[in-house]
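Counting convention: from 1, in listed order, for ligands and their atoms alike.
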Amino acid sequence: MSQSLIENKVAVPKEFNKIARRYDMATGLSQGYQSDLNRSAAYLQLNGNETVLDLCCGTGKSTAAVLPFITSGKVIGVDNSEEMLAVAGKKFANEIKAGKLQLQLQDAMKLTFEPASFDAIFMAYGLRNMPDYDKSLAQLLPLLKPKGKLVIHDYSLSDTWYSAAYWWILGYVFIVPISFLTTGETNIFSYLIKSVLNFLGPKELEAKMKATGFTSVSSHAQPTWRAPILRTFVGSRG
Ligand SMILES: C[S@@+](CC[C@H](N)C(=O)[O-])C[C@H]1O[C@@H](n2cnc3c(N)ncnc32)[C@H](O)[C@@H]1O
């Protein structure tokens, strides 16, 4: 069943609907999940007055990484799972009321924003879920203002011989069984394991970002136990 999600990624947000209420608990069991996001969000190098797109924001763990950097600016969180957004909406009711955060239900492959709408885009565990990585990156570039930054935070297996084995064991021995115990679901987690094994390696994604037109492209391993599997990619528009 998870193979059909790989072949039909448009259905992924509906799978997230099923686990939305337990998502924070499941990821909370993954040591360092939030601090890794916080470290990636720091690469946005925000001053505080920016408008930032948090693409595939889910229940708002990535939003929580960006919001502390925002003073007079705002964050727009976009996701195509109604239930994930509902959890985020409850969590950030005060920020929404204060105009610091807006949440929108949209397909990340068909964004409706005007060109140059954002000073920065954060996409955490999002690109891997897109059916077409090139098309997604090409869509994001013009949404940035000149000098705007894109930061992608995602599992991307390093070129070391052991990174795929490390991920396979972590995935099938720990993530799938533990997630089943916390959410009662396995499909979306089996999809997670397969989608990472199918995703771009660091050099491939950097090359795609450059080919799309992003400049000053770099990527950074997380300085934690996830170093072989989790990376932060940074690129600028001009
Ligand atoms: C693993 S969660 C990441 C959530 C959050 N960024 C975080 O760091 O915890 C992936 C999210 O991507 C969303 N997603 C997947 N495909 C999408 C699409 N085509 N458009 C919008 N959201 C999508 C899912 O609904 C899900 O909430």
Side-chain angles (χ1 to χ4, degrees), residues 2 4-44 52-67 75-89 91-92 101 103-113 120-137 139-140 143 150-156 171 175-176 179 182-183 185 187-196 199 222 226 229-233:
S2 56
S4 70
L5 276 181
I6 296 274
E7 284 151 23
N8 181 29
K9 289 185 176 176
V10 180
V12 167
K14 302 297 160 228
E15 285 298 313
F16 274 97
N17 274 339
K18 297 180 189 165
I19 59 156
R21 308 275 147 187
R22 300 284 176 95
Y23 180 85
D24 285 0
M25 194 207 295
T27 51
L29 293 174
S30 178
Q31 192 272 330
Y33 187 90
Q34 187 64 52
S35 48
D36 288 342
L37 283 168
N38 299 348
R39 209 173 286 114
S40 286
Y43 282 102
L44 293 166
V52 182
L53 173 63
D54 178 14
L55 191 53
C56 298
C57 64
T59 62
K61 287 207 158 187
S62 43
T63 321
V66 177
L67 277 171
V75 179
I76 314 250
V78 165
D79 202 283
N80 217 18
S81 159
E82 300 85 347
E83 299 299 327
M84 295 289 271
L85 283 184
V87 175
K91 202 187 289 180
F92 295 112
L101 172 65
L103 296 175
Q104 297 190 12
L105 185 72
Q106 281 201 44
D107 182 348
M109 291 300 297
K110 295 178 189 161
L111 295 170
T112 57
F113 301 106
I121 299 175
F122 191 40
M123 194 175 192
Y125 305 112
L127 185 67
R128 183 174 32 79
N129 293 312
M130 298 301 108
D132 185 331
Y133 310 134
D134 296 292
K135 203 172 150 201
S136 173
L137 290 170
Q139 186 191 204
L140 297 183
L143 292 185
L150 168 69
V151 171
I152 294 170
H153 169 103
D154 217 321
Y155 294 113
S156 173
I175 296 178
V176 173
S179 303
T182 47
T183 68
E185 291 285 331
N187 197 26
I188 191 68
F189 299 102
S190 304
Y191 159 80
L192 163 67
I193 311 311
K194 285 186 190 153
S195 68
V196 172
F199 191 48
Q222 290 280 342
R226 287 191 186 81
I229 54 174
L230 183 63
R231 246 177 146 81
T232 313
F233 296 86

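- Looking at Asp54, its side chain does come within 3.5 Å of a backbone N or O of Thr63 through a donor-acceptor pair.
- An N or O contact shorter than 3.5 Å links Ala124 to ligand 1 by distance.
- For atom 2 (S) of ligand 1, the nearest protein heavy atom (residue, atom name, distance) is Tyr23 OH, 3.5 Å.
- One option in Val78, Asp79, Val12 has a heavy atom closer to atom 25 (O) of ligand 1 than any other, and that option is Asp79.
- The nearest protein atom to atom 10 (C) of ligand 1, hydrogens excluded, is given as Tyr125 O, 3.4 Å; this is a heavy-atom distance.
- Using a distance-only test at 3.5 Å, with no hydrogens or angles considered, no donor-acceptor pair links the side chain of Lys135 to the main chain of Met109.
- Between the side chain of Gln222 and the main chain of Leu230, no donor-acceptor pair closer than 3.5 Å is present.
- When hydrogens are left out, the protein atom nearest atom 21 (C) of ligand 1 is Asn80 N, 3.2 Å; that is the closest non-hydrogen contact.
- Residues Leu127 and Phe233 have side chains not in contact (no heavy-atom distance under 4.5 Å, counting atoms from C-beta outward).
- Using a 4.0 Å cut-off between heavy atoms, Tyr155 makes no contact with ligand 1 at all.
- Only the backbone of Gln106 comes within contact range of ligand 1, with a heavy atom under 4.0 Å; no side-chain atom does.
- Residue contact check for ligand 1: Met123 places no non-hydrogen atom closer than 4.0 Å to it.
- Contact annotation for Phe16 and ligand 1: only side-chain heavy atoms (C-beta onward) come within less than 4.0 Å of the ligand.
- With contacts defined as side-chain heavy-atom distances shorter than 4.5 Å, the pair Tyr23/Phe16 qualifies.
- Side-chain contact between Val196 and Ile229: absent, with no pair of heavy atoms (C-beta onward) separated by less than 4.5 Å.
- Ligand 1 has a nitrogen or oxygen under 3.5 angstrom from a nitrogen or oxygen of Asp107.
- Judged by distance alone, the side chain of Glu83 and the main-chain N or O of Arg21 form no donor-acceptor pair under 3.5 Å.
- Looking only at heavy atoms of the protein, atom 12 (O) of ligand 1 is closest to Cys56 CB, 3.4 Å.
- Gln104 places no side-chain N or O within donor-acceptor distance of the main-chain N or O of Ile76, the cut-off being under 3.5 Å.
- At least one heavy atom of Met130 sits less than 4.0 Å from an atom of ligand 1.
- Although no hydrogens or angles enter the test, the distance criterion places a donor-acceptor pair under 3.5 Å between the side chain of Gln139 and the main chain of Leu111.
- Contact annotation for Leu37 and ligand 1: only side-chain heavy atoms (C-beta onward) come within less than 4.0 Å of the ligand.
- Residue contact check for ligand 1: Gly126 places no non-hydrogen atom closer than 4.0 Å to it.
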